[in-house]
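Structure first, then comments.
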Amino acid sequence: MRLLGVVTYTEISKYFYHERASQLFKQICALDEYYLARTELGIMRDHAGEMAEVLGQQYLLVEYGSGSSTKMRLLLAHLRQPAAYVPIDISREHLLQAALALAAAYPDLEVLPVCADYTTDFELPVPTTPAAHRVVYYPGPTIGNFDREPALRFLRRIAQVCGPGGGLLIGVDLRKDPVKLHHAYNDWEGVTAAFNLNLLARINRELGADFRLDRFRHYAFYNPREGGVETHLVSLANQIVHVGDAEFSFEIGERIWTESSYKYRLDEFAHLAGAAGFTVEQVLTDPQGLFSVQYLTVM
Ligand code: AVI
């Protein structure tokens, strides 16, 4: 990424997700072209019983980026008595609302919300009922937003949180027809473009910048060598942009790389998981093999 002098893009693109962008992302998830969200939900609906089976019982269930806990509700209908549920989210208000609603719907479940950035260190609360092991739930295809090395580091970190006997239930988007990927990240209504350009609006607002949004265009493409979709913003003119006191010049056609969405082959992800200290215990996919939900256990 070439933005504010930062050359390499490593961690998950978390600066997208703020107010308007979160609304836009919800709209993306409802798009026909964006197969990911509904395919994952379909897998959860079709296989929640099997998932519940491998997770065991009396575990501390920790969800990373819990948001409104929609997928968790699907799982909870099938799970065998977790010791407690720990939703983790960076948005305090969102987190508390969802935790209260969930606690009301499941009065026997201890809900212990943690407001934190799950990519950094945080402390887990101790449940009233002792837990036999820990299960981290990381739904969605977000692991694909990490570059390879950071993905490995992040999975290693999760393996530590899980600890011995623990596991990770994770969504992983799979390699597929590049045309399908192209449409998923270039929807005809332009919602993904608005989501991407909104990053510049946020920089303007919060960092005192003067990006002109009409001088940049959303540009996403599948890179077969890297096995991922790269999302960029292309400068449509030779221009100078100010961010606070700093000045950045863009040539026409020059790009800001805003996000990567890597897609995995099953063997490739198993290799990555192995390097992070996990064994793949269960892989559930949709009938077309577009997306997977996998259960990994700590080796
Ligand atoms: C959040 N993340 C998994 C999405 C993805 O598919 O990489 C973000 C997104 N970017 C454009 N469309 C959706």
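The structure presented is a predicted model; accordingly, all values stated were derived computationally and were not measured. Start at 1 and go down the list; that is how both ligands and their atoms are numbered.
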Does [X] reach ligand 1 with a nitrogen or oxygen that is under 3.5 Å from one of the ligand's nitrogen or oxygen atoms?
| X | result |
| --- | --- |
| Ser261 | yes |
| Tyr185 | yes |
| Lys263 | no |

Between Asn145 and ligand 1, find which residue part has any heavy-atom pair under 4.0 Å and reply side chain, backbone, both or neither.
side chain
Given side chains that start at C-beta, do those of Asp121 and Arg157 come closer than 4.5 Å, heavy atoms only?
yes
Identify the residue among His183, His232, His182 that makes a ring-ring contact (aromatic ring centres under 6.0 Å, His included) with Phe221.
His232
Show me the donor-acceptor pairs, under 3.5 Å and distance only, between side chains in residues 106-115 and residues at least two apart or in other chains.
residue	atom	partner	partner atom	Å
Glu110	OE1	Thr128	N	2.8
Glu110	OE1	Thr128	OG1	3.1
Glu110	OE2	Thr128	OG1	2.7

Tell me, please: is Gly144 in heavy-atom contact with ligand 1, that is, under 4.0 Å?
no
Apart from Ile240 itself, what residues make up its hydrophobic cluster, given side-chain heavy atom links below 4.5 Å?
none
Where ligand 1 meets [X] - atom numbers and elements under 4.0 angstrom, heavy-atom basis:
| X | value |
| --- | --- |
| Phe195 | 10 (N) |
| Thr192 | 11 (C), 12 (N) |
| Tyr34 | 4 (C), 5 (C), 6 (O), 12 (N), 13 (C) |

Mark yes or no for whether Thr258, through its side chain, and Thr231, through its backbone, hold a donor-acceptor pair below 3.5 Å.
yes
Only residue of Leu75, Leu61, Val136 satisfying side-chain contact (heavy atoms from CB on, under 4.5 Å) with Leu169 is Leu75
